Amino acid sequence: LASDAHVHAHEESLALREQFDTAEQQKDASTLGMWIFLITEVMFFGGLFLAYTVYRHLYSEVFAVASSSMNVYSAPPTRWCCCAAA
Amino acid sequence: VAAHQRPQAYSLLYLFTITLFFFLGGAFATMIRMELLTPTGNFVSNDTYNKLFTMHGVAMIFFFLIPSIPATLGNFFLPMMIGAKDLAFPRINLLSWYLLVIGGLFALFAMLAGGVDTGWTFYTPYSTTYSNSWVIATALGIFVAGFSSILTGLNFIVTVHRMRAPGMTWSRLPLFVWSNYATSLIQVLGTPVLAVTIILLFCERVFHIGIFDPALGGDPVLFQHLFWFYSHPAVYIMILPAMGVISEVVSVFSRKPVFGYHFVAYASMAIAVLGFLVWGHHLFVATQSVYAGWCSRSSATSWPSRRPSKFLTGPQPYIRARSPSPRRCSTPSASSDCSPSAADRSVPRLARLRRPRDRYLLRGGPLPLHHGGRHHHGLHGRMHYWWPKMTGRMYPEGWAKLSALVVFLGFNLTFFPQFILGYMGMPRRYHVYPDEFQVLHVLSTAGASVLAVGYLMPMIYFVWSLKYGAMATANPWGASGLEWKTQSPPPLHNFDETPIVTQEAYDYSSVIGEEIQVG
């Protein structure tokens, strides 16, 4: 059954991998690894968010004007990319 | 290699991959040195020369130097040296290799399709607006390979924090582990910034979104800030693991604990942290805001990075009369370490040359190559030091000593003329030069040929040793590290049972009487 297979896969993912001695060690390692991954994401996108925040603050009127005349669906793909980047 | 020997197999995958790129980068270097034999440009055109030094830099930096020691040998030995069965995430280790290969294929495609001519630094607005070469393909290759580097760093940090054997405290970690830990911090914190820089470059080049191009409202210096925020620390990604190697090798063959162990460990961490604060010295030409002047204080990194050289090379009161090849291969790095002006981690005599080098040689000097030089010695020494453990075979000692000598001579003959040339005013990245520089250029090319022979020799005798070399014992050098307390090559989980550590690092009291095995 599909659900059995799913449960089995779930159990397997929780099973103790051979490089670890205890389940606690495995959980600690996964948690730390995830935090480090999140730190890399902050380094990745943090600058863009910061730039957006600063520009939003410095030129808030321009943002207001632009938003009133912007139609996301009719915008050219370059604009989408710009929004995505910002 | 049997599939179940996972760490070993993955490390060999990395080794093959980076060796391929080393030869590729070496081929470009060969063409550069051929061209520079004569003062006139008679072998390649200006455009081709631009592509040659760019592709040399891309292949060597992003696909050889950055992954080399951590990915090939760190993945193998870091878990063993802390008494772990494997890395915390063996599958991420494999994923990291796939990413390196995919990134490498992008770069390879760009090189075969016509090359890229921006220089390995991809300065804007040339790279985003004017260059007609394969900028995007190359940049995407570097982007993907960057995630390989990030994942290696992530894996090492978690492994060092969570996988240490009982008794393996932080103050007992071998210096190779410390240096790779420091390197991992840079990989994890710096590489994402390179990734987003490449994304922005992509957006401007493909979609003409004004980020770096002043005509579109951008700022080209912004690119340099972002690029060097990663690429300055990246020079420490290349050099810190090599320093760790040298710590190991010098300690083992002098049968002495590393003098100033704690200092070297903390200095590695200080280099990793301070390395992030000094990228501004790459902007001397471009200039930067006066408020950012603090980030030009490159001398800040020189203090911690000089210590390891001193602590290692100064006190060797007891060097064994017989000095096997690993030490010979790696010692030159301590003496020929004329690395970038900014970081100044030269031996004190050479440090006196630093000031002129700052002014003239920063542009004329072969700084990345020198880095490569030191790095090569680290890798070279390290391959010899750990080869018996990796493969269970000894290599021919006489050939290894000869190779060390040839590399030492070739290295100095290649790069010292370049230092003098830079001092005399030879600019970087030019292939046409005044006649009076020719003698030194010919010397440098001759040195590069010698160096090539020195690197080909180990290729041959390492492969030879796999079949014909003597079987290695568990501890052929009489070393004290945990990796020597298990068979050569190691079993599936590195140790038959998890070791319990009761000694400080580099405690030779229990192995002092053991003889050195020579292949």
Side-chain angles (χ1 to χ4, degrees), chain A residues 9-56 58-59 61-63 65-66 70 72 74-86, chain B residues 4 6-7 79 83-93 143 146-147 149-151 153-166 184-185 187-200 202-204 206-211 222 225-226 229-230 276 492-494 498:
Chain A
H10 184 67
E11 279 171 356
E12 196 174 67
S13 74
L14 292 176
L16 189 64
R17 304 238 173 253
E18 52 204 29
Q19 71 270 26
F20 296 109
D21 291 325
T22 63
E24 190 191 2
Q25 186 190 29
Q26 173 168 292
K27 185 164 177 293
D28 283 352
S30 314
T31 310
L32 181 62
M34 183 52 76
W35 275 111
I36 294 168
F37 173 71
L38 290 175
I39 290 170
T40 69
E41 292 295 290
V42 169
M43 295 305 291
F44 197 152
F45 296 107
L48 292 174
F49 287 134
L50 182 69
Y52 178 84
T53 309
V54 169
Y55 271 61
R56 185 79 179 73
L58 287 179
Y59 308 108
E61 314 84 53
V62 183
F63 273 80
V65 170
M70 190 167 75
V72 173
S74 68
T78 55
R79 182 71 66 79
W80 294 348
C81 178
C82 188
C83 294
Chain B
H4 65 272
R6 281 183 305 183
K85 291 176 191 157
D86 197 351
L87 290 160
F89 309 118
R91 289 179 183 185
I92 287 184
N93 184 6
F143 178 84
F147 284 94
S149 184
I150 291 171
L151 292 177
L154 185 150
N155 215 343
F156 284 5
I157 293 174
V158 176
T159 303
V160 173
H161 274 275
R162 292 286 182 255
M163 307 295 278
R164 283 171 287 128
S184 302
L185 289 182
Q187 288 175 305
V188 161
L189 294 175
T191 319
V193 178
L194 178 74
V196 77
T197 310
I198 291 172
I199 299 260
L200 294 174
F202 183 91
C203 284
E204 178 160 304
V206 176
F207 300 116
H208 307 292
I209 295 167
I211 294 160
L222 173 65
H225 278 290
L226 290 171
F229 180 84
Y230 166 76
F276 275 110
L492 175 57
H493 289 309
N494 288 342
T498 301

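A, B, ... follow the sequence lines: proteins, then strands. Residue 1 opens every chain. From a predicted model like this one, the values you see are computed outputs, not experimental measurements.
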Paired with N93(B), the side-chain contact (heavy atoms from CB on, under 4.5 Å) test is passed by just one of L151(B), N155(B), D86(B), namely N155(B)

Task: Side-chain donor/acceptor of Q19(A) to backbone N/O of A88(B), under 3.5 Å - done: yes

With a sphere of 6.0 Å drawn around CZ of F63(A), does it hold more than 12 non-hydrogen atoms of other residues, nucleotides or ligands? yes

Select one option (side chain, backbone, both, neither) describing which atoms of [X] are under 4.5 Å from chain A's heavy atoms.
| X | value |
| --- | --- |
| L226(B) | neither |
| A84(B) | neither |
| F147(B) | side chain |
| F202(B) | neither |

Pair count under 4.5 Å, heavy atoms only, with chain A: among L189(B), I92(B), T159(B), T498(B), highest is L189(B)

When the ring planes of F143(B) and F44(A) are compared, do they come out parallel, tilted or perpendicular, using 30° and 60° as the limits? perpendicular

Q) Using the ring of each side chain (for Trp, its six-membered ring), is F49(A) parallel, tilted or perpendicular to F45(A), with breaks at 30° and 60°? A) tilted

Under 4.5 Å to a heavy atom of chain B? For F37(A) that would be both

If one checks every heavy atom of I39(A) against chain B at 4.5 Å, the contacting part turns out to be side chain

What one should report as the nearest heavy-atom pair of Q26(A) and R17(A) is OE1-N, 2.7 Å

